[in-house]
Number of protein chains: 2
Amino acid sequence: MTTSVVSVTVDLVLLTIRQGVLQVLLIRRGIEPYLGKWALPGGFVLDGEDLEEAAARELSEETGLDPRAGHFEQLATYGAPDRDPRGRVITVAYLALLPDLPSPVAGGDAASASWQPVDGVELAFDHDRILADGIERARAKLEYTPLATVFCPPEFTVAELRAVYETVWRTRLDPRNFHRKVTGAEGFVEPTGGTVIRDRGRPAQLYRRGPAALLHPPLLRSTSG
Amino acid sequence: MTTSVVSVTVDLVLLTIRQGVLQVLLIRRGIEPYLGKWALPGGFVLDGEDLEEAAARELSEETGLDPRAGHFEQLATYGAPDRDPRGRVITVAYLALLPDLPSPVAGGDAASASWQPVDGVELAFDHDRILADGIERARAKLEYTPLATVFCPPEFTVAELRAVYETVWRTRLDPRNFHRKVTGAEGFVEPTGGTVIRDRGRPAQLYRRGPAALLHPPLLRSTSG
DNA sequence: CCAAAAGTGTTATCTGTACACCCATGA
DNA sequence: TCATGGGTGTACAGATAACACTTTTGG
């Protein structure tokens, strides 16, 4: 009975919505194992570095992004003994939700980092599982927190916010009831006063994210709320 | 820039209800650091051992309990660089919810393990924080899962189940509306046919836990539901 | 009998849902 | 003018909350 020599990594599930599709930031692996396969960005935790710090640093190095531009939270820790063929590696996964940034992969090794739709990807290690857990967490959090706004630019319309829910939940929501719920939920969104015409039709009001941390009442993904 | 030598431990937040109070299982530390202070049970992850496995083994060694007798889930991972004076130690915390077992600390080093009310304890390392996170997780889960039943014996009355909610949430619930909600929620509890008189008054029906994994509708901790 | 706990019925109120309808724009 | 999307009103169904009331025991 010996305590093992363990390496600790952090991995990031970075989600955004681009072209109306939920996408995840992936890195093409340049070394074995899983050479050439797609994987979540991440890497080893350094001396004296907190876990969040390590996650933010890795992301910045690999992609130039700052996960704190949106929402950032710990997801879970994965430590099956055989999850990495190189030896005992435990990984602490973080979930980040970001708006669709103009230059999402600048500053890093852009050639090997790219946003990809979350459906149908096949990833190295146990990253498929980690990604699935991250998506499920994001889905659940949209119900009872105002987090959907972090997928939007600083000013957005109710229809754009609704599109976030419809994309992440894969449902259709009634535009009229959704409008009422969102504008009625205390602290969810605040009108900026501006209006904008996105397509055709009547101009939409612009909103910014409000101060609430929890939604009362929550939005429910079951029906056409 | 060097990757650090990291040790990985598992710690357990083990909650139960004894004497009408939410209690946590604590170990009195027999070695430095924090010699003599109370701490969450836990220890180092061994070679080839999965994290859950490590958590279950540590608990069994230290207390003779099996966390899988109730509910068991990963809580979070804590990795601040200075959280352990001996060096870099990252801990993966697990949350377990157990019924009030007849002989809760048998089989282990019982002299140094004991159940204690969660209020007012002062723990070694960052275990106060971990405990607080565990309690909050438990509170939240009672709302939308049937997990409250794991605090009860195999057969229980509606009043006993209500006492669980009242204890964990620190609220009073209306016995009549609570009864209806619990017996009405699909798959939450199933009648065994038996009855029992706990105190005085009309005999209560006995129930066992039902097959549901989620509550529809959820119980809300805000009001007198 | 009374007190106490279990359990049922009833009603006012609130929330969610569906959908009719009006508003403001581009073409 | 029409099509399109933004936004409001309203009515019905279901859930919630408050509480009167009956049932079944022990003392």
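Just the heavy atoms: all of them, side chains too, but no hydrogens, waters or symmetry mates, feed the values below. We name chains A, B, ... by the order of the sequence lines, and we start the count at 1 in each one.
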**Request:** Answer yes or no: are there more than 12 heavy-atom neighbours, outside B:E186 itself, under 6.0 Å from its atom CD?
**Result:** no
**Prompt:** More than 12 heavy atoms of other residues, nucleotides or ligands under 6.0 Å from CZ of A:R129: is that the case?
**Reply:** no
**Prompt:** Does OP1 or OP2 of C:dA6 have a side-chain N or O of B:R162 closer than 4.0 Å?
**Reply:** yes
**Asked** Looking at A:H179, does any N or O in its side chain come under 4.0 Å of the phosphate oxygens OP1/OP2 on D:dG7?
**Response** yes
**Asked** Under 6.0 Å between the ring centres of A:F178 and A:Y165?
**Response** yes
**Asked** Can the ring centres of B:F156 and B:Y207 be said to be less than 6.0 Å apart?
**Response** no
Spacing between [X] atom [atom1] and [N] atom [atom2], to the nearest angstrom:
{"X": "B:D174", "N": "C:dG9", "atom1": "CG", "atom2": "P", "answer": "16 Å"}
{"X": "B:K181", "N": "D:dG14", "atom1": "NZ", "atom2": "P", "answer": "17 Å"}
{"X": "A:R198", "N": "D:dG5", "atom1": "CZ", "atom2": "C1'", "answer": "13 Å"}
{"X": "A:E160", "N": "D:dG5", "atom1": "CD", "atom2": "P", "answer": "14 Å"}
{"X": "A:Q205", "N": "C:dA24", "atom1": "CD", "atom2": "P", "answer": "11 Å"}
{"X": "B:L161", "N": "C:dG7", "atom1": "CG", "atom2": "C1'", "answer": "15 Å"}
{"X": "B:L173", "N": "D:dA18", "atom1": "CG", "atom2": "P", "answer": "11 Å"}
{"X": "A:E143", "N": "C:dG16", "atom1": "CD", "atom2": "P", "answer": "12 Å"}

**Message:** With nearest nucleotide decided by heavy atoms, which residue, A:R202 or B:P203, maps closer to the 5′ end of DNA chain C?
**Reply:** B:P203
**Asked** Looking for any heavy atom pair under 4.0 Å, which part of the strands does B:R180 touch: base, sugar-phosphate only, or nothing?
**Response** base
**Request:** Would you mind telling me which of B:L40, B:I130, B:L51, B:L14 makes a side-chain contact (heavy atoms from CB on, under 4.5 Å) with B:Y94?
**Result:** B:L51
Identify which nucleotide among [options] has an atom closest to any side-chain atom of [X], counting heavy atoms from C-beta outward.
{"X": "B:N177", "options": "C:dG26, C:dA4, D:dA18", "answer": "D:dA18"}
{"X": "A:P217", "options": "D:dT24, C:dG16, D:dA18", "answer": "C:dG16"}
{"X": "A:R176", "options": "C:dT25, D:dT8, C:dA4", "answer": "D:dT8"}

